[in-house]
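In what follows, a structure is listed as structure tokens, so that the remarks can point back to it.
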Amino acid sequence: LINHVLNNQKGYKVAVIVNDIGEVNIDADLIGKGGIVQEEDSSLVPLQNGCICCTLKVDLMQQIVDIVKTGKFDYILIEASGICEPIPIVQTLTLLSEGSEQYGIPKITRLDNVVSVVDALRLATEFGCGENLTQTENIEEDDIENLVIQQIEFCNTIILNKVDELEEDELNRVRAVIKKLQPEAKIIETNYGEVNVSDILNTNSFDFDKAANSAGWLQELEKDEEEEAEGETEEYGIGSFVYYRRKPLDREKFTDFIHATITKNIIRVKGLVWFTDNEKESYIFEQAGNQVQLNYAGDWVVSAPKYEQEEIKKQSPEILKDWDEEYGDRMVKLVFIGQDMDKEKIINN
């Protein structure tokens, strides 16, 4: 994909920031005469077509500032490592665009598009089973599926690559998985990373708030009961449902449930929980593959003094929509996304 952008026929001058030049195979005919890294700056590779390729330095913001100040480039393309979470990088770039005067960057500098390249063949052959997904980079096996899912969930363009290597039924299943994880992103199906440059450059398509709220689990969580009932149809066995209750969970029993229930056909679980041993605090529970996380999400409004509760209700009246006479705003609401899930068994457990 990077080679395709660098070799575009529109004459764009593109600066490419990558984690490690050695990790990216830039075509020989794109390398400038001699094809060597400049001695005075070991992070920079000049390309014959007027583009450059440089390594991702610690201070990403300053690196972008330096590139923009040269006035030589139309676009900056950042190729993050396959083991990078997208949100921290996006937050950095969003801060840059919002604080352009502070950093000496022209107003035209902006985050235009967040693209995830998905290997369709690998998703079809490994994601469902999971065993071989662990054979990537040098990171813990439990982290792999979580990273794959995060990179699909937080983007606004998905390039589904190697589609010709799948049978139609397999490809339909891959489409269904992606749509369930990320229903909002534009999906471009291709081979060899060949896309129209205009589909990924100068799209004006990125919106942080929209991207942050576009993940399938979050959209399922925010549906009302009528919408949930309408949305229970499954494509190729890929479905979702919301588990909802007001009573708190027993922490030990919940841990046992997770270990006993989370199997490879459950792709994603995420949502809000609370426990009998701590009625004050709310937690975000999330699962992707074998990785499980439980993070403190703040105190429940109902746990605050009465006068504070009333003030919060005035400022945020939407809280009253889910307010319960006995439990206040406390609830358990978990979204399950997976393939051929036994919904009744999961709920009964």
Side-chain angles (χ1 to χ4, degrees), residues 142 146 149 153 180-181 212-213 215-234 238-349:
D142 288 351
N146 188 41
I149 288 170
E153 284 181 338
K180 190 58 72 171
L181 290 172
N213 291 289
W217 74 268
L218 191 57
Q219 295 199 11
E220 291 290 332
L221 200 65
E222 293 177 346
K223 285 181 180 178
D224 56 34
E225 291 181 7
E226 186 176 333
E227 287 176 315
E228 285 174 24
E230 291 174 358
E232 288 182 351
T233 55
E234 295 185 357
I238 309 297
S240 63
F241 70 89
V242 177
Y243 174 75
Y244 174 80
R245 64 184 261 180
R246 283 290 181 172
K247 292 181 179 180
L249 299 169
D250 179 284
R251 197 181 295 261
E252 190 173 327
K253 288 181 179 178
F254 182 65
T255 301
D256 292 341
F257 159 78
I258 293 302
H259 290 310
T261 308
I262 299 301
T263 55
K264 287 297 178 183
N265 64 322
I266 296 180
I267 299 170
R268 183 65 150 156
V269 183
K270 192 164 183 177
L272 209 56
V273 297
W274 66 300
F275 300 103
T276 53
D277 61 359
N278 188 340
E279 297 187 348
K280 181 182 179 181
E281 297 179 349
S282 66
Y283 295 88
I284 291 290
F285 171 81
E286 70 175 298
Q287 164 274 335
N290 291 324
Q291 189 179 56
V292 173
Q293 293 182 356
L294 185 69
N295 297 309
Y296 170 67
D299 292 351
W300 297 107
V301 173
V302 75
S303 66
K306 285 291 183 183
Y307 73 91
E308 285 188 21
Q309 290 184 37
E310 295 308 314
E311 189 61 34
I312 293 171
K313 288 176 184 177
K314 285 180 183 178
Q315 294 178 1
S316 305
E318 66 274 7
I319 290 174
L320 296 173
K321 180 184 175 184
D322 289 320
W323 194 268
D324 181 83
E325 195 70 30
E326 181 178 356
Y327 297 106
D329 57 330
R330 290 183 291 227
M331 69 180 75
V332 174
K333 201 168 187 181
L334 292 168
V335 178
F336 287 78
I337 297 175
Q339 183 178 27
D340 300 324
M341 294 183 294
D342 189 334
K343 179 180 174 180
E344 297 304 318
K345 182 180 178 181
I346 292 172
I347 291 174
N348 292 334
N349 284 347

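- The backbone N or O of A215 sits nowhere less than 3.5 Å from a side-chain atom of E153 that would complete a donor-acceptor pair.
- The shortest side-chain heavy-atom distance between K180 and S240 falls under the 4.5 Å cut-off.
- Between atom CD of residue E318 and atom CG of residue D329 there is a gap of 11.5 Å, rounded to the nearest 0.5 Å.
- For the side-chain hydrogen bond (donor to acceptor under 3.5 Å, both in side chains) with E311, the qualifying choice from Q315, K314, Q309 is Q315, the only one to do so.
- Atom-to-atom distance recorded for Y244:OH and L334:CG is 12.5 Å, nearest 0.5 angstrom.
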Before giving the answer on side chain to side chain contact (heavy atoms under 4.5 Å, CB included), spell out for M331 and D322 the whole-Å C-alpha distance, their side-chain angles and the decisive distance to 0.1 Å. CA-CA 9 Å; M331 69 180 75; D322 289 320; 3.7 Å; yes
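- Looking only at distances, no side-chain donor or acceptor of R268 sits under 3.5 Å from a matching main-chain atom of L181.
- Distance CD/E252 to CZ/F275: 12.0 Å, rounded to 0.5 Å.
- In this structure, R246 contributes its side chain and G328 its backbone to a donor-acceptor pair below 3.5 Å.
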Show the atom names and distances, to 0.1 Å, of all donor-acceptor pairs under 3.5 Å that link a side chain in residues 297-307 to residues at least two apart or in another chain.
from	atom 1	to	atom 2	distance (Å)
D299	OD1	Y296	OH	2.7
W300	NE1	E281	O	3.1
S303	OG	W300	O	2.6

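- V269 is not listed as a side-chain neighbour of I337, based on a closest heavy-atom distance of 4.5 Å or more.
- Annotation: the span from R245 atom CZ to K333 atom NZ amounts to 15.0 Å, rounded to 0.5 Å.
- Using a 4.5 Å heavy-atom threshold, the side chains of N278 and R251 count as touching.
- When every heavy atom of I346 is checked against every heavy atom of F241, the shortest pair comes out as CG2-CZ, 3.9 Å.
- Note: L249 CG to T255 OG1 = 10.0 Å, rounded to the nearest 0.5 Å.
- Residue T276 holds its OG1 atom at 12.5 Å from CZ of F254, rounded to the nearest 0.5 Å.
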